[in-house]
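Worksheet: the structure to be examined is printed underneath.
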Amino acid sequence: MNSKGRIVIKLGGGLITNKNLSKTINKEAIKNVCNTIKQLNDEGYVLIIVHGAGSYGHILSKKMDIANGINNEIQEQQINAVQQIRSNMIELNNEVIKSLKKIGLVAIGYPPSKWAKGIGKDFTGNLDIFETINNDKIPICFGDVVDRDDSNKFGILSGDDLMYRISMEIPNVNFTIFLLGDVDGVLTNPPNNLNAKLIKNYSKNDITNTSHSSDIDVTGGIDLKLLRAVEISKKIENVWFLNGNRSERIMQLIHTGTTIGTKILP
Ligand code: IPE
């Protein structure tokens, strides 16, 4: 492990997909963020990537009520949907891996449906896979449908819970970064509100009038991200929400310790 340490970075589903349109990826955003990852890798940082689902997961999960576990009345359709979502997620993961490969980076996908069980931040599974010794293979995982040991049978493990556990348990993490789709960080109001302003420093007691679009989102939306991020910030000094379309800000943050975005404080 070199002295620069690790960066745990989440490519939000709203950044890498079009959240409203089933299975549509945002190729340009993926390409740009992969270029930034390459730059960081070249500079000697060790990366761990997590990504969200966006329209590769939320739409069908919502339709089939996957987050609430098995429902006897629609059990068969649900089981088909679970398979479909898992394969969609692997497809999305492969898009990111392919994009990294194009610029010379090797990433290894670890689908949580294959190694994790249970939902929320206490899920089980061996996190050692993320502890790469050197930087020639980047581990990459994502929010997924996972099995549960209880009567629910399955549920959705959010990438935000993966961010939490990886940041807390893998040594030498210096930065935990959540990349968002179309906003500069955490806002005081939903982005479409004219009064929405960027919150530069967010701590637990700050109230935001967030817009958890529960009609689309089956995990916790921005509220879950904030909850997890505040918990992570108790251990990691640099926990940030940034605009994933502004790669120069990611670089500025890493190089100078600050940029335009939201810094999370404990
Ligand atoms: C959701 O993961 C996973 C599924 C719906 C299968 P996330 O909660 O990490 O996804 P985004 O970032 O909100 O899209």
Side-chain angles (χ1 to χ4, degrees), residues 3-16 29 32-33 35-37 39-41 43-52 121 130 143 158-212 217 219-266:
S3 59
K4 286 196 166 173
R6 289 190 168 89
I7 300 174
V8 185
I9 192 162
K10 181 176 181 204
L11 323 183
L15 171 69
I16 61 172
N32 289 338
V33 79
N35 282 331
T36 309
I37 287 166
Q39 238 174 302
L40 294 169
N41 179 275
E43 290 184 16
Y45 292 94
V46 177
L47 287 131
I48 299 175
I49 307 174
V50 176
H51 67 77
K121 64 178 180 154
F130 297 103
S158 169
D160 302 325
D161 290 314
L162 292 157
M163 288 294 283
Y164 171 79
R165 290 284 298 280
I166 292 170
S167 300
M168 298 305 273
E169 290 175 30
I170 302 296
N172 301 314
V173 173
N174 289 338
F175 291 88
T176 296
I177 302 172
F178 293 83
L179 296 181
L180 305 171
D182 42 18
V183 286
D184 288 339
V186 183
L187 305 181
T188 51
N189 295 85
N192 51 4
N193 184 321
L194 286 179
N195 295 320
K197 284 197 192 70
L198 177 69
I199 300 173
K200 292 184 179 158
N201 292 294
Y202 178 94
S203 62
K204 195 173 87 193
N205 298 323
D206 290 340
I207 311 226
T208 58
N209 180 8
T210 53
S211 65
H212 176 206
D217 203 313
T219 43
I222 190 79
D223 298 339
L224 177 69
K225 285 185 220 311
L226 283 171
L227 189 69
R228 291 292 174 261
V230 167
E231 291 170 296
I232 297 168
S233 73
K234 291 177 186 156
K235 182 183 175 215
I236 312 284
E237 202 193 317
N238 294 293
V239 182
W240 285 75
F241 285 72
L242 300 180
N243 186 335
N245 291 308
R246 302 295 298 262
S247 49
E248 75 284 5
R249 294 181 188 168
I250 306 173
M251 297 314 294
Q252 188 182 35
L253 170 64
I254 304 295
H255 292 149
T256 70
T258 189
T259 190
I260 298 171
T262 302
K263 178 172 185 171
I264 306 296
L265 305 169

Side chain to side chain contact (heavy atoms under 4.5 Å, CB included) between Leu227 and Val230, worked out: CA-CA 5 Å; Leu227 189 69; Val230 167; over 6 Å; no
[atom2] on [Y] to [atom1] on [X], rounded to 0.5 Å:
X      : Y      : atom1 : atom2 : answer
Ile16  : Asn32  : CD1   : CG    : 13.0 Å
Tyr202 : Ser233 : OH    : OG    : 10.5 Å
Ser158 : Lys10  : OG    : NZ    : 4.5 Å
Ile250 : Thr36  : CD1   : OG1   : 4.5 Å
Asn245 : Asp184 : CG    : CG    : 10.0 Å
Leu226 : Ser203 : CG    : OG    : 11.0 Å

Phe178 and its side chain to side chain contact (heavy atoms under 4.5 Å, CB included) partner, picked from Ile264, Leu242, Val239: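 Result: among Ile264, Leu242, Val239, Val239 is the only option passing the side chain to side chain contact (heavy atoms under 4.5 Å, CB included) with Phe178.
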Worked check of side chain to side chain contact (heavy atoms under 4.5 Å, CB included) between Leu198 and Val186: CA-CA 6 Å; Leu198 177 69; Val186 183; 5.9 Å; no
Please name the pair of heavy atoms, one in [X] and one in [Y], separated by the smallest distance, quoted to 0.1 Å.
X      : Y      : result
Leu15  : Ala29  : O-CB, 3.4 Å
Lys234 : Pro266 : CG-CB, 3.9 Å
Ile48  : Arg6   : CD1-CD, 3.9 Å
Lys121 : Asp161 : N-OD1, 3.5 Å
Met163 : Ile177 : CE-O, 3.6 Å
Met168 : Ile232 : SD-CA, 3.9 Å

Side chains of [X] and [Y], heavy atoms from C-beta outward: is any pair under 4.5 Å?
X      : Y      : result
Ile37  : Ile49  : yes
Phe241 : Leu180 : yes
Asn174 : Ile7   : no
Ile199 : Leu187 : no
Thr262 : Trp240 : no
Glu248 : Met251 : no

CA sep, side-chain torsions, deciding dist, call: Asp160, Lys225, salt bridge (Lys or Arg N to Asp or Glu O under 4.0 Å): CA-CA 6 Å; Asp160 302 325; Lys225 285 185 220 311; 3.4 Å; yes
Exceeds 12 heavy-atom contacts within 6.0 angstrom, atom CD of Glu237: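 Incorrect, the count does not exceed 12.
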Heavy atoms from other residues, nucleotides or ligands near NZ of Lys235 exceed 12 (cutoff 6.0 Å):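 Counting other residues, nucleotides and ligands, NZ of Lys235 exceeds 12 neighbours.
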Residue pair Ile166, Val50: steps toward the side chain to side chain contact (heavy atoms under 4.5 Å, CB included) verdict: CA-CA 10 Å; Ile166 292 170; Val50 176; 4.0 Å; yes
Main-chain N/O of Gln252 paired to Thr259 side chain as donor or acceptor, under 3.5 Å: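 Checked: no pair found.
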Verdict with supporting geometry, Arg246 and Ile260, side chain to side chain contact (heavy atoms under 4.5 Å, CB included): CA-CA 10 Å; Arg246 302 295 298 262; Ile260 298 171; over 6 Å; no
